[in-house]
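Structure first, commentary second.
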Amino acid sequence: MNFERELAELNEYQRAAVLDENAACIVSAKVGSGKTTVLISKVLYLHDQKKVPYEDMVVLTFTNKAAGEIRERLAAKESSLSPEQLQGFGTFHSVALHLLRDVLPVEELGYEPGFTVIEPDEEVELALQIIEEEKLQIKYKNRLKKRLEQERTLYEQGKKETRYGDDLFVLMHRLGQEKLRQNKFTFRDLLRVSNFLLRRLVAEGEKEKFHPAWIIVDEVQDSDDIQIEFMEHLVVLGAKLFAVGDPNQVIYTWRGSRSNIFYQLKERFGARELTLPINYRSSGAILAAAKCFQQNPGELTGARTRGEKLRIRRHYNAFGEAQYLAAEIRGLMESGVACREIAVFYRLQSQSEILEKVFTGESIPFEVSVKKTIQDIPVLNWFLKVLRFSCNEKDAPAGVKALADKQYGEIRSAKRAREIIESVVTEKAERGRQKSGSESSQPADEHEGLTEKMCGFAEYFAEDCLENVIVDPAYVYDYFELDRYLKPTAARYSEDREYVWNLLERMITFALEQGLGFLEGFRLFLNSSALYGVQILQKEVNLQADSVKLMTLHASKGLEFSHVYIIGVNFGLIPLRTGDFETEDEERRLFFVGMTRAKDYLELSYYTNPDQVRVAPGESRYLQMIPRELVEGGVEEVRFEKTDLQKLRKEVEKSARVQPLAMLFGGGGAGKSAEESAGEPADKPVGETAEGSAEMKHGKMPRVRHAKYGVGTITSEDETMVTAEFENYGEKQFIKAFSELEYL
DNA sequence: GTCCATAGGGTCCGG
DNA sequence: CCCTATGGAC
């Protein structure tokens with residue numbers, strides 16, 4: 001039997017979790033212990049052995065990515081899965097969306113089933129509009145987004161006074177009315193309204209309307225109150241609970257999850273607690289070091305041998321380190337390590353900048369993980385608004401924004417745009433009322449403006465909609481005469497066009513997949529595009545691409561690499577803040593998460609002369625917490641000469657342009673710039689590299705010795721690199737300033 | 001309208 | 001720690 005084999009591949013702990021019969025079970029899955037494997041096996045076990053249909057399971061994740069992974073791994077094991085069967089599989093928000101659309105009676109609250117999900121920014125815009133119209137007194141308007149999020153709980157608890165004694169609660173009330181009127185849900189509303197209707201379902205004993213057999217939750221430690229409540233309602237409706245998570249990986253308390261969540265869950269659901277204590281990912285040394293940062297020092301056992309020790313390196317500053325990393329990574333590449341197995345983690349997004357510059361200059365293939373949403377791509381932001389008003393004339397605000405867009409719109413003033421849209425909408429409504437069979441549905445005139453095109457869209461495509469004729473983005477592209485707005489002369493034209501094209505293709509495919517007409521499919525897509533915003537853009541998710549990954553420690557969660565470099569382990573940066581203990585604990589967990597991403601090699605580094613203010617020059621005490629016997633050769637300093645570094649830095653700054661032939665080995669002192677002599681005196685050389693380069697001018701092939709590669713001969717060089725042929729290793733490239741080569 | 005003291009936020013970033 | 005929006009004093 002197929003499932004028997006599946007079970008045989010699990011260890012005893014994993015097997016126990018999969019086979020557990022309790023009504024509620026919480027699995028404390030230690031880092032790298034096969035959490036997702038267990039989760040998938042559980043689903044398969046319930047389906048194959050317990051004959052629970054997939055339709056009766058609710059499988060909840062926090063990210064679209066995790067949801068996608070689960071679907072994918074499931075599809076690999078079970079081929080004939082239909083989308084309907086997996087409607088309960090997704091993020092908390094997408095499952096709530098499904099419930100509100102297809103199961104729960106939202107119309108009883110005054111919403112229509114075709115509601116739109118809006119992004120936080122849109123709620124803020126709506127709020128600002130209300131503030132203006134009603135002359136509300138709101139303090140800190142520039143931080144409205146944060147205030148709406150943070151002070152919402154106070155409002156919901158029925159508090160009278162706002163934090164700053166202003167009209168914020170009046171605003172929240174009006175905002176609620178306005179969202180209802182415009183048929184819009186925020187992310188939070190999805191869960192809040194779901195919870196409200198589920199609670200009512202329970203209270204009125206109408207359990208037959210929705211009664212999942214199982215809820216299975218991934219990364220349960222990230223749940224906030226509203227999500228726990230959602231789980232609770234499903235449990236009350238009769239579902240059994242299986243939740244998997246790790247209290248040591250709570251790094252998002254600032255957005256609502258709490259570190260004692262595991263304890264809370266056990267109390268609330270009377271759950272049995274199991275553990276998955278065996279880590280399969282990291283080498284023994286890495287795991288042992290990481291264990292120093294475990295918060296709940298429960299059982300955590302490694303399955304691997306000790307492996308290579310960690311390294312701790314000291315660099316002068318981030319630039320020197322970037323040079324070093326470039327050389328180091330090149331070395332790894334040459335020794336056959338795939339780029340995709342190498343990652344550099346840092347605490348702050350801004351730290352990637354210098355790495356990007358240097359890696360670009362050194363031709364190291366890399367990719368920076370930056371949060372990308374629709375908002376970050378202006379053309380899509382604009383075009384989605386165009387489509388939203390086109391498909392739904394009730395969404396006048398979208399029409400106004402499309403029309404008044406600074407870059408792609410037609411009308412300068414937002415006020416004027418609003419007037420135009422309003423008049424067109426009322427005019428259209430009137431014409432509809434006195435509809436005499438006259439031929440009003442003319443195709444859009446070629447020279448009409450955007451307003452007319454948006455208003456005529458639904459009518460124009462109505463017939464095609466019936467026959468599903470639209471399969472080519474060109475129809476829509478031409479209808480809007482998009483070239484008039486994207487402006488072929490603009491520098492970003494081809495990129496913009498590709499984005500738009502891509503989006504249209506996706507929307508058409510979506511409509512076809514859903515078995516809906518073109519227009520209906522578009523509407524449904526647009527209504528929930530906020531929830532899947534990032535996925536729309538995923539032309540390629542490049543975890544597979546062969547490039548070095550640069551990301552923040554936060555972003556590293558859930559990933560693994562064979563070689564990991566955590567940089568800037570300075571006090572003041574890792575941990576970021578000092579002072580209060582709550583956040584300090586979180587920093588420790590964050591560091592733990594980062595370290596445990598590494599499979600085979602982990603290197604930690606800090607700066608003696610950090611460029612950023614508020615970063616202390618010394619090593620973080622986190623480094624002192626790691627037992628020395630796990631560290632190769634104590635702290636190794638990467639030595640260099642400061643003037644070389646400054647020269648290199650200037651080159652890199654310029655490298656966007658054509659690289660000038662740097663006079664690195666010209667006459668003595670040629671590299672000394674005015675600022676340099678005016679600034680603080682250059683440090684005394686601490687390395688031995690200066691003499692070496694002088695020697696090479698004479699065209700000799702100097703013999704060198706390197707601590708790691710042994711004795712060799714220089715074979716070639718340019719301004720920045722030296723290549724040497726080693727007797728026992730082969731060819732190796734070094735950055736001159738860091739070569740650590742001893743010239744014989 | 002301008003000045004200035006000061007409270008409070010900033011980094012991290014899911015849906 | 002540093003920056004700045006805020007709002008009262010003038």
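Reckoned from all heavy atoms, side chains included, excluding hydrogens, waters and symmetry mates. Numbers restart at 1 for each chain; the letters A, B, ... are given by sequence-line order, proteins then strands.
One N or O on the side chain of A:Arg281 and one on the backbone of A:Thr596 form a donor-acceptor pair closer than 3.5 Å. Here the side chain of A:Ser620 pairs a donor or acceptor atom with the backbone of A:Ile574 at under 3.5 angstrom.
Taking the charged nitrogens against the carboxylate oxygens, A:Asp189 and A:Lys179 do have a contact shorter than 4.0 Å, which makes a salt bridge.
Ring geometry, A:His315 versus A:Tyr607: the interplanar angle falls from 30° to 60°, so the pair is classed tilted. Relative orientation of the A:Phe169 and A:Tyr155 rings is tilted, given thresholds of 30° and 60° on the angle between their planes.
Rounding to whole angstrom units, CG of residue A:Leu144 and C1' of C:dA5 are separated by 14 Å. If you measure from atom CZ of A:Phe92 to atom P of B:dG15, you get 13 Å, rounded to the nearest angstrom. Put simply, NZ on A:Lys65 is 10 Å from P on B:dG14, counting in whole angstrom units. One atom, CZ of A:Arg147, and another, P of C:dT6, lie 11 Å apart when rounded to the nearest Å. Atom CG in A:Leu97 sits about 19 Å away from atom P in B:dG14, given to the nearest Å. We find that CD of A:Glu122 is positioned 18 Å from P of B:dG15, with the value rounded to whole Å. In this structure, the CZ atom of A:Arg188 is 18 Å from the P atom of B:dG14, given to the nearest Å. Taking atom CG on A:Leu553 and atom P on B:dC12, their separation rounds to 11 Å, with Å as the unit.
Here B:dG15 is the nucleotide among B:dG15, B:dC12, B:dG14 with the atom lying nearest to any side-chain atom of A:Asn64. With B:dG15, B:dC13, B:dC12 as the choices, the nucleotide that has an atom nearest any side-chain atom of A:Leu531 turns out to be B:dG15. Checked against B:dC12, B:dG15, B:dC13, the side chain of A:Phe187 finds its nearest nucleotide in B:dG15.
In terms of the side chain to side chain donor-acceptor pair (under 3.5 Å) criterion, A:Arg71 has no residue partners (sequence neighbours excluded).
For the pair A:Arg101 and A:Phe115, the cation-pi criterion (under 6.0 Å, within 45° of the ring axis) is fulfilled.
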Under 3.5 Å, which N/O atoms of the protein pair with N/O atoms of nucleotides 6-9 of chain B?
from: B:dG9; atom 1: OP1; to: A:Tyr164; atom 2: OH; distance (Å): 3.1

How would DNA chain B look in dot-bracket form, 5' to 3', counting Watson-Crick and G-U wobble pairs with both distances under 3.5 Å and writing | for bases paired to another strand? ||||||||||.....

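Within 6.0 Å of CD in A:Glu134 there are more than 12 heavy atoms belonging to other residues, nucleotides or ligands.
No close placement of the A:Tyr252 and A:Phe62 rings is indicated, their centers lying 6.0 Å or farther apart.
Contact annotation: A:Thr91 does not reach the phosphate of B:dG14 (side-chain N/O to OP1 or OP2, under 4.0 Å).
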